[in-house]
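The next block holds one structure in the form of structure tokens; read it before the comments.
Because only heavy atoms are used, hydrogens play no part in the values below, and waters and symmetry mates are left out as well, while side chains stay in. Naming: A, B, ... by sequence-line order, numbering from 1 per chain.
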Amino acid sequence: MSDSASITTGAEKPAAHDDHHGHYGVPGYDPAAWKMGMWLFLFTELLLFGAMFIVFAVYLHKYIWQFAAGSVQLDIPIGTFNTLVLLTSSMTMALAIAVLQRGKKELAIKLLDFTLGCAALFCVVKSFEWGGKFEHGIYPGSLHLAAMTLGEQIFFGLYFTMTGLHALHVIVGAGLILWCRARIKSGAVHAERITFMDNIGLYWHLVDLVWIFLFPLFYLVG
Amino acid sequence: MSQANDHHDEPHLIPYKTYILVWLGLCSLTLLTVAVSYANMRHMTIPVALMVASLKCTIVVLWFMHIKFENRVLWWFLIAAVGTYVIFVILTFADYSYR
């Protein structure tokens with residue numbers, strides 16, 4: 001509160017409705033509204049992935065043994081490793097924000113770099129995983145896949161669609177983190193104007209959340 | 001609104017240790033689900049995996065995404081959005097189960 005009080009001393013009194021005008025009394029800066037907008041966007045993401053999870057659930061229910069047969073072809077240690085990588089990146093993202101809130105710019109940038117490293121590692125591991133499947137003849141439209149049971153075809157179709165869309169989100173998230181890093185470096189984002197970074201953090205955690213459900217459903221149903 | 005404002009300020013106070021503990025908790029839960037899947041209790045794997053994933057999801061939303069410390073309006077937004085999704089799930093299965 002102290003920052004907001006010191007900046008708004010120009011006004012007669014920091015009125016109760018002050019928070020409509022932004023937390024710090026800076027015109028054009030409204031953290032509560034920005035964050036609300038970000039959450040609304042995240043809800044659309046919930047419905048995007050959510051619809052796919054419903055499709056997955058219905059077919060899992062219908063072809064439970066064939067999904068299990070598909071699932072055992074995925075590598076659990078690799079999936080677990082990637083889960084831990086994303087969880088770690090989520091923590092370093094949260095820490096980067098906490099660190100910048102305390103004014104430690106350099107450390108925040110280092111933590112963002114680490115987060116970016118995790119994102120890259122995730123994508124590299126994922127690409128090797130997909131590559132391995134391609135080598136075994138499992139890819140959308142392959143003859144090998146066409147020879148499998150219908151349940152397995154649906155399983156792998158959903159696997160490529162959902163992990164692919166998720167990986168796209170990882171890549172977009174990494175791009176956003178890079179943008180945020182540049183804005184911290186230039187001084188546009190700092191302890192008193194941190195909502196931009198908060199929102200990018202929210203996006204990154206969403207990416208993590210989706211994977212939290214993707215991992216057990218695809219890798220562990222075998 | 002001053003109370004909401006106070007809520008808003010709390011994220012500034014989240015200590016680093018909290019995030020590290022949350023991370024350790026999330027990693028342990030991940031390893032737990034994997035262990036359960038290897039234990040070969042076929043009918044238990046999916047329910048346990050879903051419960052653990054929901055728990056992890058809640059932890060991430062509350063602490064990493066700061067909902068625990070956020071304005072109440074966002075709580076209601078979140079409840080409405082997740083509630084809508086749950087309705088979709090229930091309706092889909094209600095339809096699908098009676099075909």
Side-chain angles (χ1 to χ4, degrees), chain A residues 1 3-4 16-20 23 31-32 35-36 39-40 42-44 46-47 50-51 53-55 57-58 60-62 64 68 76-77 79-80 83-84 87-88 90-95 97-99 101-102 191 198 201-202 204-206 208-209 212-217 219-222, chain B residues 1-2 4-6 8-9 11-16 18-20 22-27 29-31 33-34 36-38 42 45-46 48-50 52-57 59-61 63-67 70-71 73-74 77-78 80-82 84-86 88-89 91-93 95-97:
Chain A
M1 273 318 281
D3 318 87
S4 113
H17 65 265
D18 185 50
D19 93 18
H20 293 295
H23 208 45
K35 219 177 257 184
M36 202 174 274
W39 274 100
L40 288 175
L42 294 187
F43 297 150
T44 70
L46 165 74
L47 294 179
F53 277 114
I54 292 177
V55 173
V58 167
L60 174 66
H61 187 243
K62 192 169 183 180
I64 183 132
I76 294 177
T80 310
T83 307
L84 297 178
L87 287 177
T88 308
S90 236
M91 176 192 64
T92 55
M93 183 72 220
L95 279 177
I97 295 171
V99 155
Q101 280 172 334
R102 289 160 174 83
D198 277 337
L202 287 176
W204 191 250
H205 298 310
L206 176 96
D208 190 20
L209 278 185
I212 283 175
F213 284 97
L214 284 178
F215 168 64
L217 286 176
Y219 290 77
L220 303 181
V221 292
Chain B
M1 281 308 276
S2 70
N5 226 339
D6 289 345
H8 217 84
D9 262 8
H12 296 274
L13 305 172
I14 299 178
Y16 302 143
T18 307
Y19 289 130
I20 293 166
V22 166
W23 173 69
L24 284 174
L26 291 169
C27 291
L29 286 172
T30 304
L31 297 177
T33 354
V34 174
V36 170
S37 83
Y38 276 125
R42 279 196 175 269
T45 308
I46 296 171
V48 169
L50 277 180
V52 174
S54 305
L55 180 61
K56 283 166 74 184
C57 174
I59 292 172
V60 169
V61 169
W63 277 282
F64 281 167
M65 298 172 97
H66 305 131
I67 274 291
E70 220 48 92
N71 196 314
V73 176
L74 280 189
F77 272 31
L78 187 63
V82 174
T84 307
Y85 180 62
V86 169
F88 286 172
V89 174
L91 286 181
T92 308
F93 272 90
D95 175 23
Y96 174 71
S97 308

For the atom pair [atom1] ([X]) and [atom2] ([Y]), what is the distance rounded to the nearest 0.5 Å?
X: Cys57(B); Y: Leu209(A); atom1: SG; atom2: CG; answer: 4.5 Å
X: Phe77(B); Y: Lys35(A); atom1: CZ; atom2: NZ; answer: 14.0 Å
X: Leu87(A); Y: Thr30(B); atom1: CG; atom2: OG1; answer: 4.5 Å
X: Leu55(B); Y: Ile212(A); atom1: CG; atom2: CD1; answer: 9.5 Å
X: Ser37(B); Y: Tyr219(A); atom1: OG; atom2: OH; answer: 13.0 Å

Which heavy atom in [X] sits nearest to a heavy atom in [Y], and how many Å separate them?
X: Lys56(B); Y: Thr83(A); value: NZ-CG2, 4.0 Å
X: Arg102(A); Y: Tyr16(B); value: CD-OH, 2.9 Å
X: Ala57(A); Y: Phe93(B); value: CB-CZ, 3.7 Å

Original post:
Where on Thr18(B) is there a heavy atom nearer than 4.5 Å to chain A: the side chain, the backbone, both, or neither?
Top reply: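 The answer is neither part of Thr18(B).
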Subject >> chain B contact via Phe215(A) - which portion, at a heavy-atom distance below 4.5 Å >> reply: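 The side chain, not the backbone.
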Original post:
Checking Leu220(A) against chain B: side chain, backbone, both or neither under 4.5 Å from a heavy atom?
Top reply: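 For Leu220(A), heavy atoms of backbone and side chain both lie under 4.5 Å from chain B.
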**OP:** Considering only heavy atoms and a distance below 4.5 Å, find which of Val34(B), Val22(B), Thr92(B) pairs most often with chain A.
**Re:**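 Looking at each option in turn, the highest pair count goes to Val34(B).
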Original post:
What residue, out of Val82(B), Leu29(B), Ile67(B), has the most heavy-atom pairs lying under 4.5 Å from chain A?
Top reply: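 Of the options given, most contacts go to Ile67(B).
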Tell me, out of [options], who's got the most heavy-atom pairs with chain B below 4.5 Å.
options: Ala94(A), Pro216(A), Gly79(A); value: Ala94(A)
options: Leu206(A), Val99(A), Ile64(A); value: Val99(A)
options: Gly201(A), Gly50(A), Ala51(A); value: Gly50(A)

**OP:** Step by step, work out the side chain to side chain contact (heavy atoms under 4.5 Å, CB included) result for Met65(B) and Asp198(A).
**Re:** CA-CA 9 Å; Met65(B) 298 172 97; Asp198(A) 277 337; over 6 Å; no
**OP:** Please assess Leu74(B) against Met36(A) for the test side chain to side chain contact (heavy atoms under 4.5 Å, CB included), listing each intermediate value before the final yes or no.
**Re:** CA-CA 7 Å; Leu74(B) 280 189; Met36(A) 202 174 274; 4.1 Å; yes
Please tell me if the side chains of [X] and [Y] come closer than 4.5 Å, counting only heavy atoms from C-beta onward.
X: Leu26(B); Y: Leu84(A); value: no
X: Ser90(A); Y: Trp23(B); value: no
X: Leu47(A); Y: Phe88(B); value: yes

Subject >> Chi angles and distances behind the side chain to side chain contact (heavy atoms under 4.5 Å, CB included) call for Tyr38(B), Ile76(A) >> reply: CA-CA 10 Å; Tyr38(B) 276 125; Ile76(A) 294 177; 3.5 Å; yes
Original post:
With distance as the sole test, does Tyr85(B) use its side chain to make a donor-acceptor pair with the main-chain N or O of Leu46(A) at under 3.5 Å?
Top reply: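 The answer is no, because no donor-acceptor pair under 3.5 Å joins these two groups.
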**OP:** Evaluate the ring planes of Phe64(B) and His205(A), with Trp represented by its six-membered ring, and classify them as parallel (under 30°), tilted (30 to 60°) or perpendicular (over 60°).
**Re:**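 Ring orientation of Phe64(B) relative to His205(A): parallel.
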**OP:** Check step by step if side chain to side chain contact (heavy atoms under 4.5 Å, CB included) holds for Lys62(A) and Tyr96(B).
**Re:** CA-CA 10 Å; Lys62(A) 192 169 183 180; Tyr96(B) 174 71; 3.2 Å; yes
